[in-house]
Amino acid sequence: MAETDAPDEVVDVHVHMNPFWRMNADALATLKEHSKQFDRKMNLARRPEAFVEYLDSQGVATAAIINYVSPILGYTHDTNEWAAEFRAEAPERVLAFGGFDPRVADHPHEEVDRALDELALDGIKLHPPHQGINVNDYRTDPDTRGLEALEYLYERCVEHDIPVMVHTGTSIFSGARSRYADPMPIDDVAVDFPELKIIMAHGGRPMYTDEAWFLLRRHENVCLDISSFPPSNLLEYFPEVERIDDQVLFGSDWPGPMIPDIEQNIAAVRELPIPDATVDRILSKNAIELFDL
Ligand SMILES: [Zn+2]
């Protein structure tokens with residue numbers, strides 16, 4: 001659709017360049033089983049310059065590398081440092097996301113300060129099914145697990161004007177708790193922190209897309225990242241996506257399970273029967289505005 005007016009600065013807000021070798025054996029086995037030539041892809045995480053060559057080959061100007069803390073997968077807060085170091089090798093092309101889990105931090109507030117003030121991360125990713133928490137647990141479970149520190153995280157992200165990305169929808173990783181797949185806890189966060197930029201990754205697919213649509217219509221500060229499902233399904237999940245086209249971000253989830261190369265996802269977005277201006281917003285413009293690129 002967008003041949004004449006193709007965006008020249010594609011931004012992929014959801015790429016998994018992670019220190020995969022730190023994952024536990026089960027999680028790594030899932031990636032190897034469901035992502036073709038995974039060892040080759042894993043090596044890109046050791047060589048940022050090779051990753052940038054890959055981005056060039058796919059027509060991607062900027063990629064957000066999505067790291068997070070997950071006791072289930074084996075990722076600790078050290079992942080934040082890794083993400084910042086990776087970005088330092090290609091700061092013009094890479095945005096670094098890190099994570100936060102107050103239950104595995106000795107000093108949760110200091111961990112937040114370190115991620116935002118020292119490492120200057122570009123965003124924080126929370127993964128409820130891989131962490132076994134809800135993003136609104138600061139309301140329902142104070143004291144017992146230290147989850148009131150999530151409030152501190154959100155306050156400080158507002159102060160730094162950086163987004164919090166929340167995984168929504170199920171996960172096939174061993175040990176994942178898909179009871180936490182429902183996006184609705186985001187509603188509390190969006191109400192309590194109206195200035196916080198919230199990226200709702202995956203739009204609750206496959207079974208919570210109605211809830212995701214409600215949140216997008218209700219909250220201006222909630223964005224949809226279309227990663228992890230084939231873009232050809234976008235209109236099936238969100239038939240009226242044009243109505244919220246300033247809240248939709250392109251993401252691939254590459255090289256996650258069953259994800260084809262990024263350029264195939266970009267091509268699929270361009271083939272959608274939606275206006276060129278909407279395609280441009282999804283692939284490029286919204287992310288440029290959100291991250292002030
Ligand atoms: Zn992901």
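Just so you know, ligand 1 is whichever comes first in the structure, and atom 1 is the first atom listed for that ligand.
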| said: Could you check whether Tyr75 and Trp82 have their ring centres less than 6.0 Å apart? | reply: no
| task | Would you kindly say whether His14 and Ser227 are connected by a side-chain donor-acceptor distance under 3.5 Å? | result | yes
| Between Ile65 and Val94, which heavy-atom pair has the shortest distance, and what is it? | CG1-CG1, 3.9 Å
| query | Sorted by chain and residue number, which protein N/O/S atoms are under 2.8 Å from the Zn ion (ligand 1)? | reply | His14 NE2, His16 NE2, Asp253 OD1
| query | Are more than 12 heavy atoms from other residues, nucleotides or ligands located less than 6.0 Å from atom CD of Glu220? | reply | no
| Under the side chain to side chain contact (heavy atoms under 4.5 Å, CB included) test, residues paired with Thr62 that sit two or more places apart | Val11, Leu95, Leu293
| said: What's the separation between atom CG in Asn265 and atom CD1 in Ile259, rounded to the nearest 0.5 Å? | reply: 6.5 Å
